[in-house]
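Inspection log for the structure reproduced underneath, given as structure tokens.
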Protein chains: 2
Amino acid sequence: MATRDTYRHGNLRQALIAAGVELARTGGPDAVVLREATRQAGVVPNAAYRHFDDRRALLSAVSQAALAELARAMELRTAEEADERPEGDEAGAQAVARARLRALVRGYLSFARAEPGLFRAAFVTSDLENTDTEAAAGTGGRTAFRLLSDALDDLSACGMLPVERRPGAEYFVWAAVHGMAVLLIEGPLRGLLPGQAEEAEQRLLRAIERGL
Amino acid sequence: MATRDTYRHGNLRQALIAAGVELARTGGPDAVVLREATRQAGVVPNAAYRHFDDRRALLSAVSQAALAELARAMELRTAEEADERPEGDEAGAQAVARARLRALVRGYLSFARAEPGLFRAAFVTSDLENTDTEAAAGTGGRTAFRLLSDALDDLSACGMLPVERRPGAEYFVWAAVHGMAVLLIEGPLRGLLPGQAEEAEQRLLRAIERGL
DNA sequence: CACCAAATGTGGACGGCGTACACAAAGGTC
DNA sequence: GACCTTTGTGTACGCCGTCCACATTTGGTG
């Protein structure tokens, strides 16, 4: 929609990603249509090829942006919960570590429910080496996966997770959380009332903590 | 490619689904192209519209067929393991129930690794009410999800799963298993050597059993 | 400052896709 | 055998991703 007086756009690459993110937000990865993104950027379709090899490259960039939003949602949730729990006494360090993991999980799941299109775009298969790059990270520079992993390190440091079980634990946690997200947005649990979803989250959290 | 002498095809609907399944096997859900399926069935593109409302309806049917293959893979695995463990003494009923769950999980994960395209097609979002229909079931008439659920019932009957934790447990198990499958085929765990994948499966199984 | 090369946007075209509409051929029923 | 329903055909439209040649701007080098 944006029109322009200069011949050069100035920041076309970012504009295309931004348009792609909005398309993905509404309609998931399939809605990231190259021509539509260029239209919204006020540019002719071929202009996109100066910044992306092809549609998949654009989609990949959109995916990274979506992963970054997910990471930010998780960071935000942990920050909120930290506010509610201002003081950590000596043994309370365990409680803090535990609360952090719970907050991350909840942030992950509520992002999936609030932004299903973006969530699906974040995990578009394609060639993702991109899952662990800078662009996929949140404000703190850590990706969603990294946030979970670090939380498990904390848990392990507090003695709440036996060291012999630490290796690979992030895969178990991520699998459970991601799987639940899929169940909630496109599986048999979609369309659950918010209250019911909360309860499912609670149960999942307990099962994860037992499983660690 | 199949040519025909009769004007009527005879079984076009099934032929289109079969072609769609093969396309999905090779290239995932995006490869299920309506025109290509009709080409393989030796028919003009519009003929498909006598049997499916649109491309998404075809994809949905392909998805159900893929879910059925998944269920059959899980059934097959449990049957194999049951052979290896011919006799169940009185307390061995617990061992049998436990082995069944493990076999189902392994069947799920090895199907995902062996047929990633089909696996992804099976879980195409769309309008799936279809996840729980007859067409999505295996030879025994039960869907993949149902198989897991029934195995948990057995576990609960043996006293290996406290009754108060039974409700919702299938969601935890399915989430963990499905999440791990995604990690293995398109997440950070893709490209693991078969041996490493086995080890990850083992760890996941232990975590699930602890979490129950 | 003039000039040229690189970077960026434009215009036009091609083939493939999903799908709509009108038409044709085969089956089933009376 | 006449009529209606089902199933496949022909033609056409608009949208998409992408290729190629060309135009415009920018930035560096003489």
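Throughout, protein chains are lettered first and strands after them, A, B, ... in sequence-line order, and every chain is numbered starting at 1.
OP1 or OP2 of C/dT10 lies within a sub-4.0 Å distance of a side-chain N or O belonging to A/R4.
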N/O donor to acceptor pairs below 3.5 angstrom from side-chain atoms of residues 109-120 of chain A, sequence neighbours left out:
| unit_1 | atom_1 | unit_2 | atom_2 | d |
| --- | --- | --- | --- | --- |
| A/S110 | OG | A/R77 | NH1 | 3.1 |
| A/S110 | OG | A/R106 | O | 2.8 |
| A/S110 | OG | A/G107 | O | 3.4 |
| A/R113 | NH2 | A/E201 | OE2 | 2.7 |
| A/E115 | OE2 | A/R25 | NH1 | 2.9 |

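The interatomic distance linking A/Y49 (OH) with C/dG11 (P) rounds to 17 Å, in whole Å. The CG-C1' distance, from B/D30 to C/dC17, rounds to 13 Å in whole Å. The distance from atom CZ of B/R35 to atom C1' of C/dA20 is 12 Å, rounded to the nearest whole Å. Atom pair A/D53:CG and C/dT8:P shows a separation of 14 Å (rounding to whole Å applied). As rounded to whole Å, 17 Å separates atom P of C/dA25 from atom CG of B/N46. Rounded to whole Å, atom C1' of C/dG28 lies 17 Å from atom OH of B/Y7. Taking atom CG of residue A/L34 and atom P of nucleotide C/dC17, one finds them 19 Å apart after rounding to whole Å.
For A/Q14, the side-chain hydrogen bond (donor to acceptor under 3.5 Å, both in side chains) criterion is met by no residue, not counting sequence neighbours. Applying the side-chain hydrogen bond (donor to acceptor under 3.5 Å, both in side chains) criterion to B/Q202, with sequence neighbours excluded, gives B/R102.
For the salt bridge (charged side-chain N to carboxylate O under 4.0 Å, His left out) condition, the pairs that include at least one residue of residues 170-181 of chain B, sequence neighbours left out, are B/R166-B/E170.
Among the protein residues, B/R55 comes within range of the sugar-phosphate backbone only, with heavy atoms under 4.0 Å from sugar or phosphate atoms but none that close to a base.
Atom CD1 in A/I185 sits 13.5 Å away from atom CG in A/L192 (nearest 0.5 Å). Note that the OG1 atom of B/T143 and the CG atom of B/L70 stand 9.5 Å from one another [nearest 0.5 Å].
Taken residue by residue, residues 8-21 of chain A places heavy atoms nearer than 4.0 Å to DNA chain C at A/R8, A/H9, A/L12.
The aromatic ring centres of B/Y171 and B/F145 sit less than 6.0 Å apart.
Ring orientation note: the planes of A/H178 and A/F123 are nearly perpendicular, at an angle over 60° on the 30°/60° scale.
The main-chain N or O of A/A37 is never found under 3.5 Å from a side-chain atom of A/Q40 such that the two would form a donor-acceptor pair.
Taking every nucleotide of DNA chain D with any atom under 4.0 Å from a non-hydrogen atom of chain B, the first and last of them, 5' to 3', are D/dT6 to D/dT11.
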